[in-house]
Amino acid sequence: MSTTADLPSPTLRTGTDGVPAVDPDAPAQTGKEFTSDQEVRWCPGCGDYAVLKAVQSFLPDLGLRRENIVFVSGIGCSSRFPYYLDTYGMHSIHGRAPAIATGIATTREDLSVWVVTGDGDALSIGGNHLVHALRRNVNMTILLFNNRIYGLTKGQYSPTSEAGKVTKSTPMGSVDHPFNPVSLALGAEATFVARTIDSDRKHLTQVLAAAAAHRGTSLVEIYQNCPIFNDGAFDAIKDRDTKADAIIPLEQGQPIRFGAPAEDGGGSRGLARDAGTGGVRVVDVAEVGLDALLVHDATRDDPTTAFAISRLTDAGYLRQSPIGIFRQVERPTYDDQARAQLSTARDAAPGDQADRLAALIGGGDTWTVV
Amino acid sequence: MATEVKQLDRVIIRFAGDSGDGMQLTGDRFTQESAAFGNDLVTLPNFPAEIRAPQGTLPGVSSFQVHFADHDILTAGDAPDVLVAMNPAALRANLPDLPRGATVIVDTHDFTTRNLAKAGYDANPLDSLDEPGSPLAEFAVHTVDLTGMTVGAVKEFGLSRKDASRAKNMFALGLLSWMYGRPTEHTEKFLHRRFSRVPDIRDANITAFKAGWAFGETTETFAVRYEVKPAPMAAGTYRNITGNLALAYGLVAAGVRSGLPVFLGSYPITPASDVLHELSKHKAFGVTTFQAEDEIAGIGAAIGASFSGALGVTTTSGPGVALKSESIGLAVMTELPLLVIDVQRGGPSTGLPTKTEQADLMQAMYGRNGEAPVPIVAPRSPADCFDAAIEAARIAVTYRTPVMLLSDGYLANGSEPWRIPEVDDLPVVDPGFATATNHVSTGKDGAETADFWPYLRDEATLARPWAVPGTAGLEHRIGGLEKGEGHGDISYDPANHERMVRTRQAKVDAVADSLPPLEVDDPSGQAKVLVIGWGSTYGPIGAGVRRVRRSGHHAAQVHLRHLNPFPHDLGEILGRYERVLVPEMNLGQLSTLLRARYLVDARGYHQVNGLPLKAAALAQAIGELVAEAEGVPLHELDLTAATSQEVHQ
Ligand SMILES: Cc1ncc(C[n+]2csc(CCOP(=O)(O)OP(=O)(O)O)c2C)c(N)n1
Ligand code: SF4
Ligand SMILES: [Mg+2]
């Protein structure tokens, strides 16, 4: 008895369409305006500071009215984020921010909705909400602070910690196999998936801009150092000497190359398709030639290649990781479609609400007693 | 042949068959016909949790009981006067509920060796009707091949035998409609609508329905027709309505009367799903329904919607409330309006999904970490779910708080006539959104700036301002961490926490200031015994109290709409009576609350069998207390004395 209905196909627009913009004649917004009066309370050296600074100075670039921006977070060190921004915000409960944000984004087209979450918050307790937000493609941007540890509860292993990790709760080493958040998001058919690094302000800002411009759920994994409980987790990709070999940069339309410079100035290593496995592998550029390299295309509808690239992330101690936008495709959003159904229904039932209510409750088989 | 017509003042009919036999539909149509005729009525559907339990077995039996009368009635009736049994299992499962002398109409078609065995009969009980010791000896049994006659009647439509025999429920309905003089045009119209896309099925059903009527008229099997006159009712337009439908309409009405868009976040669960189904049809009223990935996401999205300026609602049953507890706490802390609707079912755990119980009161009251008070309202009858929904919305919006509404499986699926209210007479709910700064801060340099404090309260209600995103100048952050009084920033200050815990409690207590005095039903003013209840026990308690009064004795009744906070006058009322009885479909939850709060010797009367309380058993329990209080021997109370409900037997 299953039937399928034609859904309205709202014209795809950018992520912030429908959100009121600042008056063009008003003085430009500053990062300071977005800074609340609350004292920031992360540990000294915590990667969260850098992300906060980047976000505060990026938000004015959106050109949106401050009162139309909402930050929702779960629980964890990173989830304190909304308190430090002078926008609307909710610091909710552990893991549930994507669900709450779904309610906000669906109710109000005129809000720019952001979720801040941690690796435990998003992938452990809130894993279910994360994958469902991604599959529904609700218009919001999720910033997943991945420090590969539970910070707030003082250092237990998380779903992204490497196997064998020794923590307070795993004195003999963790026997859990870790998640790769990008692979997970791609598996959930997320329409925008990116990875960036707390300390790379420029890249972080670029990714934020692209994520905000995307209409649908944007998942941004941010590698974030926790100097207290997991210091050095990202050293290989941050260290001047090793980072060229560790970061696989994903740039739209460019052959994917990394490692020490080759003669042409590009990386001496690169990614190429593996005819044998159908996957993607690291190759020596000199050996395979430039033409054999994989040209990055995040807009490809088929997520297979993006997934294959995501698998080049080390699951253990991080010595190699693709960084950038993995996938950026268009698909109608849940909230646009839900609102479109509401307006279709409204158009089909004109007239005063009170009269329609009277007709509704007075419908069915009625009889009159005089 | 002139059939005799007998006058009755009320009748209880139970339609019973296999879950696939369409008994719910049959009962519902008979109910609609009776409603249109003008009888007062109450219904009790009863069906298995399995969608299609093995055919022909006892667990697969589904039934629908309708009680209709020429006067005002309160319950679906303790015992059916008439049983319509479509197969051996339906007969066997329902016989124990029948009083001596009841009428039994049996479809003989399925009384095959195989089906008899499935129902646990060694021999066909219909073969030994007149023999001594027959299980059916006490009843007036009519054996009719309903299925066979249906198949014969619809031959012309060329349906498969299976499809043709499916219309047997309409044949049965036609027969019963004849027997009780029910108007038929609504059912014919209904069948036209329901099967408009499948003309042969439509015609077969209508033909079977008419054939059932004609069979009653022409055959000599049934010598008597019955007449149950319309009941006197207050002037107005009526419809028959189930609790879940009334609840959904109440939520739509709350949206219209508050001007707020309604947002329902929900995860399917019996017996609450129909509220989700119904609300999903009302998008034209600005109602958004979000079928979430689980109960936690359902309430989470509703909280997000409330934060954004909608009326956030979540509907579920007990297991779902368990999952939502932490989020309800968040709504308590963030002081956002939210409706949490629990259509209770038998518990614990998965319990009895399709059966009724009211054992979630303590869960609603205390089922959260920390001091997390939540107002609780409960409807008393199916139609009352409409008003209860609007009342819950009024409290939630006025006091910026989650509110629990406790319905139950009996209210959800049961139905009764509802006098349709005028929209203009419905309460108006004022969201009173914050639009401007509410506080002046003095900086270190002495300069004053206007700002917004999200936790500055209204003096009378103690409610905090509801400032929705998009309001310039009122940007603020809320969350689950303790809030500083007034300014709402995070605060770990011990004295602040103490004040905030007490203030949140005081705010919920303040709801009592807005409640009307309780209605005490004590017509003689001489009662020494008070019977107090909540929720769907209203009908059975009322019927039990009536029986005691008819025996010439006195009992008072109070029924609580508000379970938290209790109305101001409740303590004083309890103090007026020598004995207090609290009947509940649990092991004593309201009685525990009353004892703790008022130090009264509230005695419990408990039943947890998944079914509504029975009036006769309640009358007995009330009678015992009345005898004690009035100092008369119990046997002097004639509780079996005919109530007006039972004169015809
Ligand atoms: C229901 C619930 N369970 C457990 C906790 C305790 N808790 C708070 S944060 C957290 C883990 C946070 O880890 P992550 O999301 O990685 O955030 P981080 O602190 O590392 O930024 C836990 C287990 C809680 N607050 N609520
Ligand atoms: S524990 Fe780690 S993640 Fe948390 S604030 Fe400190 S440094 Fe940052
Ligand atoms: Mg973490």
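Owing to the predicted nature of the structure, the values given are computational and were not obtained by experimental measurement. Chain identifiers are assigned alphabetically (A, B, ...) following the order of the sequence lines, protein sequences preceding nucleic acid strands; residue numbering begins at 1 within each chain.
- Taking 4.5 Å as the limit, some side-chain heavy atom of B:Phe386 sits within range of a side-chain heavy atom of A:Ile361.
- If you tally non-hydrogen atom pairs under 4.5 Å between each of A:His91, A:Arg65, A:Gln38 and chain B, the highest count goes to A:His91.
- For chain A, the option among B:His476, B:His186, B:His282, B:Glu422 with the highest count of heavy-atom pairs below 4.5 Å is B:His476.
- Side-chain atoms of A:Asp365 and B:Asn240 form no donor-acceptor pair, as typed in the model, at a separation below 3.5 Å.
- Residues A:Arg108 and B:Val468 are in side-chain contact: their nearest non-hydrogen atoms beyond the backbone lie under 4.5 Å apart.
- B:Tyr238 and A:Trp367 have parallel rings, their planes meeting at less than 30° on a 0 to 90° scale where 60° marks the start of perpendicular.
- Distance check: B:Glu326 CD to A:Ser92 OG gives 8.5 Å after rounding to the nearest 0.5 Å.
- Side-chain atoms of B:Lys283 and A:Thr344, non-hydrogen and from C-beta on, never get closer than 4.5 Å to each other.
- For the pair B:Thr288/A:Arg339, no side-chain contact is recorded, criterion being any heavy-atom separation below 4.5 Å from C-beta on.
- With a 4.5 Å cut-off on side-chain heavy atoms, B:Leu330 and A:Arg96 do not count as touching.
- The CZ atom of B:Phe285 sits 12.0 Å away from atom CG of A:Leu342, with the distance rounded to the nearest 0.5 Å.
- Within a 6.0 Å sphere centred on CZ of A:Phe179, other residues, nucleotides and ligands contribute 12 heavy atoms or fewer.
- Proximity to chain A is absent for every atom of B:Pro230, based on heavy atoms less than 4.5 angstrom apart.
- In terms of non-hydrogen atom pairs under 4.5 Å with chain B, the most contact-rich of A:Leu357, A:Val370, A:Asp110 is A:Leu357.
- Annotation: maximal heavy-atom pairing with chain A below 4.5 Å, among B:Gly480, B:Gly265, B:Pro261, B:Ala472, occurs at B:Ala472.
- Cation-pi geometry between B:Arg477 and A:Tyr88 is not met: the NZ or CZ atom fails to fall both under 6.0 Å from the ring centre and inside 45° of the normal.
- At distances below 3.5 Å, at least one donor-acceptor pair connects side-chain atoms of B:Arg239 with backbone N or O atoms of A:Gly363.
- In this structure, A:Arg136 pairs ionically with B:Glu293, as a charged nitrogen and a carboxylate oxygen lie closer than 4.0 Å.
- B:Thr471 has its side chain out of reach of A:Glu67: every pair of non-hydrogen atoms, C-beta onward, lies at least 4.5 Å apart.
- For the set A:Val131, A:Leu85, A:Ile69, the count of heavy-atom pairs under 4.5 angstrom toward chain B peaks at A:Leu85.
- Comparing A:Tyr334, A:Tyr83, A:Phe71 by how many heavy-atom pairs each has under 4.5 Å with chain B, the most go to A:Tyr83.
- Rounding to the nearest 0.5 Å gives a distance of 6.0 Å between CG of A:Asp37 and CG of B:Asp489.
- Among B:Val252, B:Ile303, B:Asp294, the residue making the largest number of heavy-atom pairs under 4.5 Å with chain A is B:Asp294.
- Annotation: side chain of B:Leu481 is in contact with side chain of A:Arg80 (closest heavy-atom distance under 4.5 Å).
- Contacts with chain B were tallied for A:Thr106, A:Leu111, A:Val113; A:Leu111 has the most, counting heavy-atom pairs under 4.5 Å.
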